[in-house]
Protein chains: 2
Amino acid sequence: MDDQNKQNAEILALENFLPYRLNQAAEKVSQKFAQEYKKRYGLTRPEWRTFATIGQFGVITAREICNHSPMHKTKVSRAVFSLEKRRWVKRTQDPEDRRLEHLELTSVGQTAYKDMVNVARQFEKNFIDSIGGEDAKLLLTALNAIERRFEG
Amino acid sequence: MDDQNKQNAEILALENFLPYRLNQAAEKVSQKFAQEYKKRYGLTRPEWRTFATIGQFGVITAREICNHSPMHKTKVSRAVFSLEKRRWVKRTQDPEDRRLEHLELTSVGQTAYKDMVNVARQFEKNFIDSIGGEDAKLLLTALNAIERRFEG
DNA sequence: AATTAGTGGTTGCACATGTAACCATCCATT
DNA sequence: AATGGATGGTTACATGTGCAACCACTAATT
């Protein structure tokens with residue numbers, strides 16, 4: 001394990017490679033947050049995201065969830081199924097177009113959602129505080145740039 | 001899908017939630033890069049990372065790979081196996097401690113590594129250019145802050 | 001009205017992954 | 001030397017995931 005004596009142009013230092021660093025940082029944060037809602041509610045990542053999206057929009061279809069927060073449609077399908085099983089989500093068929101299923105939170109789901117929102121806000125706040133407000137602003141600006149870049 | 005009329009404190013807008021945004025941005029970038037080396041070499045993500053780490057250090061053990069670029073040890077074990085199968089990596093048992101296996105690139109592996117480094121550097125350059133050098137600097141600063149936060 | 005193409009959503013299958021248990025070896029204590 | 005605990009690495013099993021094929025339905029074309 002001798003990185004030093006090969007510090008030339010032929011070597012790529014992973015810990016300095018920007019895409020890798022971005023990925024690691026994001027993964028660390030996501031894992032920490034996932035740990036929170038897994039412990040509290042036993043939700044998986046796709047379940048949490050599906051849940052959060054339904055909560056955000058009130059009524060929405062699976063397809064729209066895929067579009068809004070990029071996930072494979074089978075992931076959403078399975079997440080909806082499991083959320084339905086725990087009675088946090090209910091579906092109603094569209095009478096106009098019987099392919100569509102409108103998803104919404106049950107009242108139990110809404111209660112859980114409110115709680116979850118608080119947890120999320122708290123987590124975000126802690127995160128921002130822990131890296132420092134200034135750096136958090138820089139992060140936001142950088143994220144704007146990246147998102148802009150991936151629109152086209 | 002009516003986000004507008006519920007724009008109050010009770011709702012969490014996923015697309016503004018910092019951990020989510022960070023995760024999405026990182027995932028987009030990683031996917032784009034993964035697409036590159038998958039097409040070129042047919043490597044999976046854990047394989048690429050394992051390969052890159054061995055190339056960086058010259059000689060290294062599986063355990064050390066896990067420590068340097070956080071991956072589950074079974075992932076590394078399997079990645080090493082498949083890299084060995086394609087004759088990019090060879091292992092030699094440590095004579096002092098026969099549990100240890102020292103991993104290094106074969107000469108074929110080294111050739112591929114050099115090529116891969118160029119591809120990676122090019123990708124990073126394109127990425128930085130596409131979001132703009134200024135914003136890339138902000139990103140670096142923010143990443144430093146996040147990494148610092150996750151050391152303790 | 002019949003045929004075709006497209007869309008929302010689910011499912012079967014193959015493959016990737018994490019957990020736990022495991023094997024071989026080393027190290028510390030006795 | 002013998003025993004018990006730790007460590008590097010692999011493997012069996014259960015679970016998660018993506019792809020492709022599918023079903024039910026709608027929309028467009030004839």
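- Here C:dT7 presents its P atom at 20 Å from CD of A:Gln93, a figure rounded to the nearest Å.
- Place A:His72 and A:Asp97 on DNA chain C by their nearest nucleotides, and A:Asp97 ends up nearer the 5' end.
- Going from atom CD of A:Gln35 over to atom P of C:dG18 covers 15 Å, rounded to whole Å.
- Rounding to whole angstrom units, CZ of residue A:Arg78 and C1' of C:dT11 are separated by 8 Å.
- D:dT10 atom C1' lies 13 Å from atom CZ of B:Arg63, rounded to whole Å.
- Between the side chains of B:Gln93 and B:His102, no donor-acceptor pair of N or O atoms lies under 3.5 Å.
- Between B:Phe33 and B:Trp48, the ring center distance clears the sub-6.0 Å criterion.
- In terms of polar N and O atoms assigned as donor or acceptor, the side chain of A:Arg99 comes within less than 3.5 Å of the base of C:dT7 in a complementary pairing.
- Not a single donor-acceptor contact under 3.5 angstrom links the side-chain atoms of B:Arg98 to the base of D:dG9.
- Across all strands shown, B:Lys73 has heavy atoms under 4.0 Å from base atoms, whether or not it also approaches the sugar-phosphate.
- A salt bridge links B:Asp129 to B:Lys125: at least one charged side-chain nitrogen sits closer than 4.0 Å to a carboxylate oxygen.
- A:Leu100 has its CG atom 19 Å from the P atom of C:dG6, to the nearest Å.
- The aromatic rings of B:His68 and B:Phe57 sit perpendicular, their planes meeting at an angle over 60°, well past the 30° parallel limit.
- In this entry the distance linking CZ of A:Arg45 with C1' of D:dT15 reads 16 Å, nearest Å.
- At whole-Å resolution of the value, CE in A:Met71 and P in D:dT17 are 10 Å apart.
- At least one side-chain nitrogen or oxygen of A:Arg91 sits closer than 4.0 Å to the OP1 or OP2 atom of C:dT10.
- Toward the 5′ end of DNA chain D lies the nearest nucleotide of B:Leu103, the other residue of the pair B:Leu103 and A:Pro95 mapping further downstream.
- Distances shown here put every side-chain N or O of B:Thr61 at or beyond 4.0 Å from the OP1 or OP2 atom of D:dG8.
- Remark: C1' of C:dG8 and CD of A:Glu96 are 16 Å apart, rounded to the nearest angstrom.
- Residue B:Ser77 has a polar side-chain atom (N or O) positioned under 4.0 Å from OP1 or OP2 of D:dT10.
- Ring pair A:Trp88/A:Phe51 is tilted by interplanar angle, where 30° to 60° counts as tilted.
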